[in-house]
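Model, not experiment: these values are computed from the prediction. Along the sequence shown, the residues carry numbers beginning at 1.
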Amino acid sequence: MKFKFWPCIFLGTLLLCEFKCYSRDLNIASITIDQTADPEDEALMNISDSDVYTIQIKNVEDITKKVSAALRKGGTIKISGGIGIISQPLVISKDNTHLIVDDGTILKWTHPTYGVILRTIYTNDKKTILNNVSVEGGIWEMGGADYKAGSNPAMMFVGVNNLRVSNITMYDPFKFFFGFGGIDGFDISNITMTLRNTEILGKDGLHFAGGVRNGIISNIRGNTTDDLVALNFGGDIDGGIEKNQMMYQGDSYNVRVTDVYSDNSMEAIRLLADDMHKCTDIVIDGVYGIVSNHSCISISGWKFDGHTAEFGDITLSNIHVRTPNTTKSINEAWHTPIVLVGNHWNRIVPCTIKNLVIKGCIVTQSQGVIQTPVRVIGNTTIENLTIDGLIVNSTEDVDLSERSVIDVGYEGQNARVKNLIIKNSNIEKAAKPFSKLINIENEGSVVEKATIMNNFVGTSLPKKTRNIVLKNNKSL
């Protein structure tokens with residue numbers, strides 16, 4: 001991804017505040033902030049868009065006015081030094097704007113009730129599309145650990161062509177960490193997100209709405225109380241205080257997600273399409289760590305006008321995720337598969353997937369009943385589903401006799417897989433192996449054609465699996 005940085009030099013001397021405290025876990029009440037007017041705020045108005053403006057923080061200082069004025073001019077803004085206090089939202093409104101914060105520099109949000117520290121200018125009333133925007137670096141302290149009523153992401157990027165967001169560490173947003181919508185060409189990489197209070201639910205990490213295309217999401221780490229990466233291509237960035245700012249719908253395609261590390265997030269990745277826009281060519285490669293509650297990856301449709309949501313091509317590979325080391329009953333494990341396709345929430349609509357490939361999936365649990373690898377529910381139709389290279393690896397003997405490689409259907413909601421291929425599956429350790437590869441859960445669900453080859457697991461198949469081809473399978 002290429003971004004234009006216009007080279008230049010701007011030298012200035014900043015009047016900074018008295019140093020009272022320096023730590024990452026700040027007590028704002030202990031900080032003395034210099035609120036006196038700075039003549040450089042006026043001087044900034046004369047900076048051309050091609051200039052580089054440097055803000056050097058010594059100790060602790062409210063830099064809101066300086067950064068805001070620089071962003072109004074665009075260009076490159078570099079922030080370094082100690083602790084920068086941000087008391088009002090920063091708004092990016094110019095093309096070719098690049099905000100660069102030194103890795104060790106802390107930006108501390110101090111607004112008591114509003115949770116957006118940085119956003120782009122796009123609104124539904126004023127659809128301003130920006131070009132070539134980047135935000136890089138820094139430790140962003142949001143102070144929302146105990147905030148229960150937040151409704152906006154800490155950073156919102158809406159309506160941008162060529163966006164880079166990278167090398168950011170963020171703590172404790174009011175609601176979501178990041179929100180994106182209407183982005184064409186992007187690189188979201190090296191992001192670490194941490195919640196100090198994990199009792200408050202509903203806090204996503206990276207939350208994407210519609211119109212997201214041609215980009216890469218890589219090296220994402222965090223502990224969240226909802227989705228770590230929410231590819232909600234059929235939703236919004238999260239309504240609430242700024243619904244007008246946050247909604248963005250449109251086709252989403254050509255998105256690559258690599259190396260996602262879940263530190264006990266509720267779910268690692270959620271993929272959602274609405275019933276009005278295209279969603280295809282999505283590749284997720286490399287998901288690691290622990291998920292606390294839901295499935296590792298879920299795929300479903302979202303209701304706008306009641307039609308069927310449609311996905312094109314989806315590939316999931318190298319999924320190495322487990323649940324925490326707590327004993328789960330069979331029913332609990334049934335609800336938390338590695339990959340869940342479809343759902344039974346009120347706003348979920350029928351969903352069709354053209355091609356879904358799941359390969360290189362390793363299922364691990366150290367005690368209790370292991371998860372079902374793949375479950376298809378919620379009025380879902382998959383035209384072509386391939387499960388390739390599934391490995392079940394348990395560090396203790398686990399009873400898998402009631403489990404299957406794939407469950408199809410749910411009470412009152414039929415599921416259909418037209419063409420299913422299961423190949424190269426293996427169990428490395430289990431007291432009792434899978435009793436069957438495929439489980440048809442309810443009367444109206446069906447697998448129309450199944451090709452089963454080179455598997456080293458149980459091979460019994462239900463009566464509703466039609467046109468079965470078996471090749472070189474071995475039972476444990």
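A side-chain donor-acceptor contact under 3.5 Å links D251 to the backbone of K278. Side-chain atoms of S265 do not come within 3.5 Å of backbone N or O of A268 as any donor-acceptor pair. At least one donor-acceptor pair under 3.5 Å links the side chain of T105 to the backbone N or O of G81. Counting only distance, with no hydrogens or angles, the side chain of D263 and the backbone of G222 share no donor-acceptor pair below 3.5 Å. A donor-acceptor pair is defined here as one N or O able to donate and one able to accept, closer than 3.5 Å; no such pair exists between the side chain of S166 and the backbone of N190. A distance-only check finds no donor-acceptor pair linking the side chain of S218 to the backbone of T258 [under 3.5 Å]. For R213 (side chain) and G211 (main-chain N/O), a donor-acceptor pair under 3.5 Å exists by modelled atom type. Side-chain atoms of T120 come within 3.5 Å of backbone N or O of V158 as a donor-acceptor pair. Using a distance-only test at 3.5 Å, with no hydrogens or angles considered, no donor-acceptor pair links the side chain of K127 to the main chain of G159. Checking side-chain atoms of T192 against main-chain N and O of I168 turns up no donor-acceptor pair under 3.5 Å.
Below 30°, between 30° and 60°, or above 60°: for F180 and F157 the angle between ring planes is below 30°, a parallel geometry.
To the nearest 0.5 Å, the span separating CD1 on I299 from CG on L271 amounts to 5.5 Å.
The two residues G179 and P153 have their closest heavy-atom pair at N-CB, 3.5 Å. Here the shortest heavy-atom pairing between R221 and L228 reads C-CD1, 4.3 Å. The shortest non-hydrogen separation linking A154 to M142 is CB-CE, 3.7 Å. For the pair P173 and K203, the tightest heavy-atom approach, listed with the atom from each and the gap, is O-NZ, 2.9 Å. Here the shortest heavy-atom pairing between L272 and R270 reads CD1-NH2, 2.9 Å.
Residues forming a side chain to side chain contact (heavy atoms under 4.5 Å, CB included) with C351 (at least two apart in sequence, or on another chain): F311, I353, T380. Taking the side chain to side chain contact (heavy atoms under 4.5 Å, CB included) definition, one finds that A230 meets it with D204, H207, D227, N232, sequence neighbours left out. In this view, D388 and K359, T386, K423, N424 satisfy the side chain to side chain contact (heavy atoms under 4.5 Å, CB included) rule, not counting sequence neighbours. Scored by the side chain to side chain donor-acceptor pair (under 3.5 Å) test, D285 finds S317, N318 as partners (sequence neighbours excluded). Shown here are the side chain to side chain donor-acceptor pair (under 3.5 Å) partners of H277, two or more places apart in sequence or in another chain: D274. Take S252 and apply the side chain to side chain donor-acceptor pair (under 3.5 Å) test, not counting sequence neighbours, and it matches no residue.
Judged by distance alone, the side chains of T64 and S87 do bring a donor and an acceptor atom under 3.5 Å apart. Between the side chains of S134 and H98, at least one donor N or O sits under 3.5 Å from an acceptor N or O. N254 and N214 form a side-chain donor-acceptor contact under 3.5 Å, judged by distance and modelled atom types alone. For N264 and N223, the side-chain atoms include no donor-acceptor pair closer than 3.5 Å. Side-chain atoms of T224 and D226 form no donor-acceptor pair, as typed in the model, at a separation below 3.5 Å. With 3.5 Å as the limit, one finds no donor-acceptor pair spanning the side chains of Q88 and S68.
At a threshold of 4.5 Å between non-hydrogen side-chain atoms, the residues V135 and L118 count as touching. Under the 4.5 Å side-chain criterion, counting only non-hydrogen atoms from C-beta, Y261 is not in contact with V287. Taking the side chain as every heavy atom from C-beta outward, I217 and V260 never approach each other to under 4.5 Å. Counting heavy atoms from C-beta outward, V101 and E136 have side chains that stay 4.5 Å or more apart. When side chains are defined from C-beta on, N162 does not count as touching V133, because their heavy atoms never get closer than 4.5 Å. Residues T110 and I86 fail the side-chain proximity criterion, which asks for heavy atoms closer than 4.5 Å. Taking 4.5 Å as the limit, every side-chain heavy atom of N96 sits out of range of all side-chain heavy atoms of T76. V291 places a side-chain heavy atom less than 4.5 Å from the side chain of S262.
Of the candidates F174, Y114, F176, N152 forms a side-chain contact (heavy atoms from CB on, under 4.5 Å) with just one, namely Y114. Partner L71 forms a side-chain contact (heavy atoms from CB on, under 4.5 Å) with one of V91, L90, I121 and no other, that one being L90.
K354 and E310 are not joined by a salt bridge, as no carboxylate oxygen comes within less than 4.0 angstrom of a charged side-chain nitrogen. By the 4.0 Å N-to-carboxylate-O rule, R196 lies close enough to D172 to be salt-bridged with it.
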Checklist line | From CA spacing to verdict: side chain to side chain donor-acceptor pair (under 3.5 Å), N132, D95 | finding: CA-CA 6 Å; N132 302 324; D95 291 344; over 6 Å; no
